[in-house]
Amino acid sequence: MQFARINDVAIHYQVIGGPAGKPVIVFINSLGTDFRIWRDVIVRLAGDFPILVYDKRGHGLSDIGTTPYTIEDHSSDLAGLMGMLNVSGAIVCGLSVGGLIAQSLCHKRPDLVKALILADTASRIGTADMWNARITSVETGGIESILDAVMERWFTPAFRSPENVAFRGYCNMLLRQPAEGYAATCAAIRDANYTQEAARISVPTLCLVGDQDGSTPPELVKATAERIPGARFEIIADAGHIPCVEQPEAMTEVIKVFIGTAIDQSEGPPHG
Ligand SMILES: O=C(O)CCC(=O)CC(=O)O
């Protein structure tokens, strides 16, 4: 396990080495998850690209830090981590709130971002009323009070079968996130809106979404892709909000095609 102190917060991360000269792929997880959601995509990409994955503050083994957060707090942590590891010019792949963090990083630190993969995310997610109600639920009833509703948005009915032990595991993952970090990240999502900035994204961008995503549905992600110049839009069949868990093979294929056809890989900067 690897840890770094960034912005006075202990951040849990992992670097998986890859060929020199290739851009690093950075993965940013979603609300209520830790970086293990990326495992089945990472195993399919490892060896072809260096990989950096981490638990954003308030999630996984990272510290909670001072709450509430902004998306800029999260992107500043990522910028600090990449700086410490001498990573720049990366392909930054963020899922949901991870996609908001990726957009923020791209706007604030364009030197760090060579391309964006925006998975099950948007320029703006949800409404202030929705997020305030979710924060109140978590603060009063704990994460278990929202478990069933969240799982219906995250996963297809087939994945939610009681026979599926992996479904049980992902329920445990959500339940074991700290309520304070979860609620603080809800506030960050509530206050983020990158709609105006979307037209200024100038790096190759792939927007993808599960066809049954109940949190950021395909129409929302498509509308975001249409605001970003030249962005590609792909739908992953038979997946909810977390296609890297439900359909890792299909998601990896879409990512590989995007990287192979949209990104100049000849100038990958040195990385640590
Ligand atoms: O997944 C995220 O990062 C935020 C979007 C969301 O609300 C997820 C959920 O439905 O719980």
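Whatever order the structure lists them in is the order used to number ligands and atoms, beginning at 1. On a predicted model such as this, the values are computed, not experimentally measured, just so you know.
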Q: Using the ring pair (Phe, Tyr, Trp, His ring centres under 6.0 Å) rule, collect all pairs that involve residues 200-224, keeping only residues at least two apart or in two chains.
A: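 Qualifying pairs: none.
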Q: Can you see which heavy atom on Pro19 is nearest to which on Phe49, and at what distance?
A: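 Result for this residue pair: CD-N, 3.8 Å.
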Q: Starting from the N and O atoms of ligand 1, collect every protein N/O partner closer than 3.5 Å and put each pair on its own line with the distance to 0.1 Å.
A:
from, atom 1, to, atom 2, distance (Å)
ligand 1, 1 (O), Ser96, OG, 3.0
ligand 1, 1 (O), His241, NE2, 2.8
ligand 1, 3 (O), Leu31, N, 2.8
ligand 1, 3 (O), Ser96, OG, 3.0
ligand 1, 3 (O), Val97, N, 2.9
ligand 1, 7 (O), Arg134, NH1, 3.4
ligand 1, 7 (O), Arg134, NH2, 2.8
ligand 1, 10 (O), Arg153, NE, 2.5
ligand 1, 10 (O), Arg153, NH2, 3.3
ligand 1, 10 (O), Ser215, OG, 2.6
ligand 1, 11 (O), Arg134, NH1, 3.0
ligand 1, 11 (O), Arg153, NH2, 3.4

Q: Are His241 and Ser30 linked by a side-chain donor-acceptor pair shorter than 3.5 Å?
A: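 No donor-acceptor contact under 3.5 Å links the two side chains.
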Q: For atom CG of Asp8, decide whether the heavy atoms of other residues, nucleotides or ligands shown that lie under 6.0 angstrom number more than 12.
A: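 Check fails, neighbour count at 12 or below.
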Q: Starting from the C-alpha separation in whole Å, work towards a yes-or-no answer on side chain to side chain contact (heavy atoms under 4.5 Å, CB included) for Lys108 and Glu72.
A: CA-CA 9 Å; Lys108 286 173 56 182; Glu72 285 69 32; 3.8 Å; yes
Q: Where do Thr195 and Asn193 land on the side chain to side chain donor-acceptor pair (under 3.5 Å) test, with the steps shown first?
A: CA-CA 6 Å; Thr195 308; Asn193 185 353; 2.4 Å; yes
